[in-house]
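Input: a single structure, listed below in structure tokens.
Excluded from the calculations below are hydrogen atoms, water molecules and symmetry mates; all remaining heavy atoms, backbone and side chain alike, are included. Everything numeric here is computed off the predicted structure, so don't read it as measured data.
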Amino acid sequence: MPYCPKCDMEFVDGITTCSDCGGPLVESKEVADAMKKKQQEEELARKLAEFEEENPSPAHPYGGMADVLEGKQAKTIQSMPRTQVYVKKSQQYEDLKSSASAFLLVGGALTVFSVLCWVNVISLPMTGTSRLLTQGVMTAMGLGSLIVALKSSSSAKKVSGQVAEEEQATSALIDWFTASYTGQQLDAQLADESGDLSPEELSLKRFSLIQDILITSHDLADQSYVDMLSEEIYSKLYED
């Protein structure tokens with residue numbers, strides 16, 4: 001029967017697209033499982049190859065690969081690769097506050113120094129056009145830094161109002177997932193679908209299944225946010 005590999009749903013004969021995600025259907029559940037397994041095996045092989053290139057071992061030509069398989073680099077393959085790292089609103093707020101403070105300090109210092117130069121309290125070791133040009137550049141840099149500081153501060157205030165909202169939504173999603181599913185339930189589903197898996201394959205499939213459940217259950221559009229949620233849920237289910 002036609003099967004959606006993304007939503008894990010079967011359809012009656014004659015249906016070609018999934019009613020939930022709109023994606024194309026494959027011939028059967030077995031074909032979908034084979035496609036998923038192949039994709040994850042290819043992804044695992046790519047990650048291992050990248051690690052081998054970045055961490056060659058002079059003592060053993062396959063030292064980097066051996067380390068991964070022995071578990072010394074297990075943390076690098078427990079999560080699916082991310083195309084973009086999600087930055088929480090709380091972190092955005094802190095970054096914007098830090099930027100505003102830094103630009104305010106630099107801008108204030110440059111502006112005060114420039115004013116003292118213009119009123120001849122401080123004399124630069126130059127005259128004529130060179131002096132005017134230098135003072136003009138310092139003044140522009142000072143005022144520009146103050147403008148950036150004001151914009152950063154305004155953005156920080158705007159983001160600060162979103163911090164609590166995001167934290168509540170994130171906490172609610174994690175609580176819903178951990179109340180609805182256990183690590184044993186997910187592993188049982190994976191065992192039914194894929195049979196015996198290596199530790200590396202099991203980690204990848206766990207992470208992928210958590211992502212799929214989040215996306216299909218709550219229609220989350222930001223993949224980086226889904227990745228962040230999946231990592232936190234994975235940690236609660238399997239590492240706590």
**Message:** Evaluate Phe103 against Leu146 for side-chain contact (heavy atoms from CB on, under 4.5 Å), listing each step before the verdict.
**Reply:** CA-CA 6 Å; Phe103 278 106; Leu146 291 176; over 6 Å; no
**Message:** I'd like to know whether Phe177 forms a side-chain contact (heavy atoms from CB on, under 4.5 Å) with Ser217, so could you lay out the CA-CA distance, the side-chain angles of the two residues, the decisive distance to 0.1 Å, and finally the verdict.
**Reply:** CA-CA 10 Å; Phe177 197 106; Ser217 299; over 6 Å; no
**Asked** Could you walk me through whether Leu124 and Met138 pass the side-chain contact (heavy atoms from CB on, under 4.5 Å) check?
**Response** CA-CA 12 Å; Leu124 296 177; Met138 286 193 300; 4.1 Å; yes
**Request:** In sequence, state the C-alpha distance, the side-chain angles, and the governing distance for Val137 and Met141, and then conclude on side-chain contact (heavy atoms from CB on, under 4.5 Å).
**Result:** CA-CA 6 Å; Val137 170; Met141 290 177 62; 3.8 Å; yes
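Taking Ile, Leu, Val, Met, Phe, Trp and Tyr as hydrophobic and joining them when side-chain heavy atoms fall under 4.5 Å apart, one finds Tyr93 in a cluster with Leu96, Val159, Val163.
In this structure, Leu197 and Leu204 have side chains that are not in contact, with every pair of non-hydrogen atoms separated by 4.5 Å or more. Using a 4.5 Å heavy-atom cutoff, the side chains of Asp187 and Thr182 are not in contact. Looking only at side-chain heavy atoms (C-beta outward), Leu214 and Ser230 come within less than 4.5 Å of each other. Residues Ile233 and Trp176 fail the side-chain proximity criterion, which asks for heavy atoms closer than 4.5 Å. For the pair Asp175/Ser171, a side-chain contact is recorded, criterion being any heavy-atom separation below 4.5 Å from C-beta on. Contact of the Ser203 side chain with the Tyr238 side chain is not registered, since no non-hydrogen atoms from C-beta on lie closer than 4.5 Å. No side-chain heavy atom of Asp227 sits less than 4.5 Å from a side-chain heavy atom of Tyr86. Residues Lys88 and Met228 meet the side-chain proximity criterion, which asks for heavy atoms closer than 4.5 Å.
Side-chain contact annotation: Thr170 with Tyr225, donor-acceptor N/O pair under 3.5 Å present. If you check the side chains of Gln189 and Glu193, you find a donor sitting under 3.5 Å from an acceptor. A donor-acceptor contact closer than 3.5 angstrom links the side chains of Trp118 and Thr139.
Atom NZ of residue Lys157 and atom OG of residue Ser154 lie 7.0 Å apart, to the nearest 0.5 angstrom. Taken to the nearest 0.5 Å, the CG atom of Leu237 stands 12.0 Å off from the CD atom of Glu232. The OG atom of Ser90 sits 12.0 Å away from atom CD of Gln162, with the distance rounded to the nearest 0.5 Å. Rounding to the nearest 0.5 Å places OG of Ser180 at 9.0 Å from CD of Gln185. With rounding to the nearest 0.5 Å, the separation of CD in Glu94 from NZ in Lys89 is 14.5 Å. In this structure, CG on Leu143 lies 7.5 Å from OG on Ser114, to the nearest 0.5 angstrom.
When hydrophobic clusters are built by joining Ile, Leu, Val, Met, Phe, Trp and Tyr residues whose side-chain heavy atoms come closer than 4.5 Å, directly or via intermediates, Leu116 is grouped together with Phe113. Transitive grouping of hydrophobic side chains (ILVMFWY, heavy atoms separated by less than 4.5 Å) brings Leu220 and Leu209 into a common cluster.
Across all non-hydrogen atoms, the minimal contact from Met126 to Ser130 is SD-O, 3.5 Å. The two residues Ser99 and Ser152 make their nearest non-hydrogen contact at CB-OG, 4.2 Å. The minimum heavy-atom distance linking Gly142 with Leu110 is given by the pair CA-CB, 3.6 Å.
Judged as a salt bridge (Lys or Arg N to Asp or Glu O under 4.0 Å), and not counting sequence neighbours, Asp212 has no contacts.
Using a distance-only test at 3.5 Å, with no hydrogens or angles considered, a donor-acceptor pair links the side chain of Ser155 to the main chain of Lys151.
In this structure, Asp192 places its CG atom where more than 12 heavy-atom neighbours from other residues, nucleotides or ligands lie under 6.0 Å away.
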